[in-house]
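Down below is the structure, laid out as structure tokens.
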Amino acid sequence: MLHTKSESDITSLAPSSPSRSQKGLVYYVQSPSRDSQDGDKSSSIQATPNYRSPMESPSHPSMGRHSRNSSSSRFSGIFRSHSGRKLHRKRNDKGWPECNVIVEEGKYEGYDDEKRLTRRLQALLALFSFIVLFTILCLIIWGAARPYKAEITVKSLAVNNLYIGQGSDSSGVITKLLTLNGSLHLGVHNPATFFGIHVSSTPVNLVYSEIVIATGQLKKYYQQRKSRRTAIVNFEASKVPLYGAGSSLVVADNGVFEIPLRLEFEIRSKGEVVGKLVTTKHRRQISCNMTLPSNTIKPIRFRKSSCIYK
């Protein structure tokens with residue numbers, strides 16, 4: 001009776017080491033087929049070739065040149081660009097391909113420089129606009145403050161001492177000598193509604209026949225907005241030689257005489273509208289004619305028509 005050998009018997013009967021006669025021996029491995037899904041218990045047998053050594057087995061990690069090249073080609077196919085160009089890859093120590101960084105076209109340095117230049121231009125434009133607007137504003141304020149001029153009026157002149165004597169100058173020339181002491185009162189009005197003024201003057205001169213016989217000086221001061229003030233200028237002259245001009249003076253027996261004088265000076269006012277950035281300056285020249293008696297005690301009052309204001 002013939003007994004059919006099972007697959008396990010065939011496997012057990014195989015020698016432990018292959019021989020030359022067994023080169024063509026084929027191993028059969030049972031695997032489930034597609035028909036098994038339908039309930040069929042039939043099996044399909046796949047043939048597995050026999051290899052001389054484990055090195056020839058495809059499950060061994062070492063691969064041939066052809067298999068390695070094919071796997072690397074399949075791997076490198078993933079890194080192909082959309083345009084079809086093949087990107088060069090370097091392999092590291094483990095054999096894996098290294099991806100090169102794709103450098104984008106164009107330079108960011110030029111973009112940064114352009115952006116920096118744009119910011120500078122914007123800053124300069126903002127600064128220039130601010131300067132222009134501030135200048136226009138200052139001009140408007142200056143134009144609005146321009147009409148506000150300090151109003152100056154000569155009020156009175158009080159004389160304490162006035163007499164003429166005979167004498168000689170420093171060189172020994174005999175002439176008439178004039179001595180005078182007095183004070184001048186000036187009215188100053190600042191009509192400006194939003195800034196104060198600094199008031200000063202040139203030397204205040206009393207002139208007789210083109211000879212300055214007495215000089216005074218107004219002390220500089222600050223006057224607030226919309227205010228009035230009386231400024232005082234003191235005169236003092238001692239033994240001023242009159243030379244040939246003194247011959248026209250007629251002195252009475254009691255020593256009383258009259259001397260024609262001219263008062264000349266200039267008042268200066270400076271208004272600081274916006275600090276020292278916006279200022280207004282005004283000048284007022286004043287000239288007053290008078291006849292001063294030597295025996296007067298009361299101050300001389302000046303009318304507005306008695307003086308010339310320029």
Side-chain angles (χ1 to χ4, degrees), residues 141-164 178-237 240 242 245 248-250 256-273 279-310:
I141 296 174
W142 178 80
R146 186 68 179 166
Y148 295 101
K149 299 179 181 180
E151 299 177 359
I152 310 297
T153 55
V154 180
K155 290 185 173 182
S156 63
L157 176 63
V159 178
N160 299 326
N161 296 319
L162 177 60
Y163 62 90
I164 291 178
L178 178 66
T179 300
L180 184 146
N181 293 322
S183 60
L184 178 67
H185 291 74
L186 302 173
V188 182
H189 175 219
N190 179 20
T193 58
F194 55 92
F195 63 92
I197 57 174
H198 296 270
V199 182
S200 61
S201 72
T202 59
V204 181
N205 298 327
L206 279 174
V207 182
Y208 167 69
S209 185
E210 306 301 329
I211 299 176
V212 179
I213 61 175
T215 301
Q217 183 68 48
L218 176 64
K219 187 177 180 180
K220 185 178 180 179
Y221 69 94
Y222 176 78
Q223 187 167 338
Q224 296 180 354
R225 60 186 181 89
K226 298 181 66 176
S227 62
R228 295 178 182 271
R229 182 171 178 174
T230 299
I232 300 175
V233 181
N234 296 320
F235 297 98
E236 185 175 356
V240 179
L242 300 178
S248 59
L249 290 176
V250 179
V256 177
F257 65 94
E258 291 182 351
I259 179 171
L261 297 175
R262 186 174 71 254
L263 181 67
E264 294 178 349
F265 63 97
E266 180 181 275
I267 295 293
R268 299 172 181 175
S269 62
K270 178 182 178 181
E272 295 182 353
V273 184
T279 60
T280 58
K281 295 181 180 180
H282 297 284
R283 294 184 179 184
R284 199 78 183 271
Q285 294 180 356
I286 301 173
S287 177
C288 302
N289 295 321
M290 72 190 86
T291 299
L292 188 61
S294 60
N295 59 349
T296 184
I297 299 175
K298 295 181 180 181
I300 299 174
R301 302 287 179 177
F302 293 93
R303 297 177 181 178
K304 191 171 183 179
S305 58
S306 303
C307 300
I308 300 174
Y309 299 91
K310 296 181 181 180

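Small disclaimer: the values here were computed from a predicted structure and weren't measured.
A heavy-atom distance below 4.5 Å is found between the side chains of Leu184 and Phe265. Counting only heavy atoms from C-beta outward, the side chains of Ile141 and Phe195 never approach each other to under 4.5 Å. Residues Phe302 and Thr153 form no side-chain contact, since every pair of their non-hydrogen atoms from C-beta on lies 4.5 Å or further apart. Counting heavy atoms from C-beta on, the side chains of Asn295 and Leu162 never come closer than 4.5 Å. A heavy-atom distance below 4.5 Å is not found between the side chains of Arg229 and Ser227. Ile267 is not listed as a side-chain neighbour of Tyr309, based on a closest heavy-atom distance of 4.5 Å or more. Leu157 has its side chain out of reach of Leu263: every pair of non-hydrogen atoms, C-beta onward, lies at least 4.5 Å apart.
Side-chain N or O atoms of Glu258 include none that pairs as donor or acceptor with a backbone N or O of Val250 at under 3.5 Å. Under a 3.5 Å cut-off, the side chain of Ser294 and the backbone N or O of Phe257 do form a donor-acceptor pair.
Rounded to the nearest 0.5 angstrom, His185 NE2 and Ile232 CD1 are separated by 4.0 Å. Expressed to the nearest 0.5 Å, how far OG1 of Thr179 lies from CG of Asn161 amounts to 8.5 Å. For the atom pair NE2 of His198 and CD of Gln223, the computed distance is 11.5 Å after rounding to the nearest 0.5 Å. In this structure, Cys288 SG and Arg303 CZ are separated by 13.5 Å, a value rounded to the nearest 0.5 Å. Between the OG1 atom of Thr230 and the NE2 atom of His189 there is a distance of 12.0 Å, given to the nearest 0.5 Å.
The neighbour count for Gln224 CD, taken as heavy atoms of other residues, nucleotides or ligands under 6.0 Å away, does not exceed 12. Within 6.0 Å of the OH atom in Tyr163, the count of heavy atoms belonging to other residues, nucleotides or ligands does not exceed 12.
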Evaluate Asn234 against Glu236 for side-chain contact (heavy atoms from CB on, under 4.5 Å), listing each step before the verdict.
CA-CA 7 Å; Asn234 296 320; Glu236 185 175 356; over 6 Å; no

Check against side-chain contact (heavy atoms from CB on, under 4.5 Å), Leu180 and Phe235:
CA-CA 8 Å; Leu180 184 146; Phe235 297 98; 4.3 Å; yes

Going through the distances and angles, do Arg268 and Lys281 end up as a side-chain contact (heavy atoms from CB on, under 4.5 Å)?
CA-CA 7 Å; Arg268 299 172 181 175; Lys281 295 181 180 180; over 6 Å; no

Does the pair Ser269 and Lys149 meet the rule for a side-chain contact (heavy atoms from CB on, under 4.5 Å), with working shown?
CA-CA 8 Å; Ser269 62; Lys149 299 179 181 180; over 6 Å; no

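Under the side chain to side chain contact (heavy atoms under 4.5 Å, CB included) rule, Thr202 has a single partner from Glu266, Arg283, Gln285, which is Glu266.
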Expected list for residues 204-216: side-chain donor-acceptor pairs under 3.5 angstrom, two or more places apart:
| residue | atom | partner | partner atom | Å |
| --- | --- | --- | --- | --- |
| Asn205 | OD1 | Thr215 | OG1 | 3.2 |
| Tyr208 | OH | Ala245 | O | 2.7 |
| Tyr208 | OH | Ser248 | OG | 2.8 |

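Scanning all heavy atoms of the two residues, the minimum distance from Asn181 to Ala237 falls at OD1-N, 4.0 Å. Here the shortest heavy-atom pairing between Ile197 and Gly271 reads CG2-CA, 4.1 Å. Nearest heavy-atom pair, Gly187 versus Lys155, reported as atom, atom and distance to 0.1 Å: CA-CE, 3.8 Å. The nearest pair of heavy atoms linking Gly196 to Asn190 is CA-ND2, 3.8 Å. Nearest heavy atom pair, residue Ala145 against residue Thr280, reads CB-CG2, 4.0 Å. Here the shortest heavy-atom pairing between Arg225 and Ala192 reads CB-O, 3.2 Å.
Pairs passing the disulfide (SG to SG under 2.5 Å) check and including a residue from residues 178-209, sequence neighbours excluded, do not occur.
Listed by chain and number, the residues in a side-chain contact (heavy atoms from CB on, under 4.5 Å) with Thr193 are Tyr148, Lys226 (sequence neighbours excluded).
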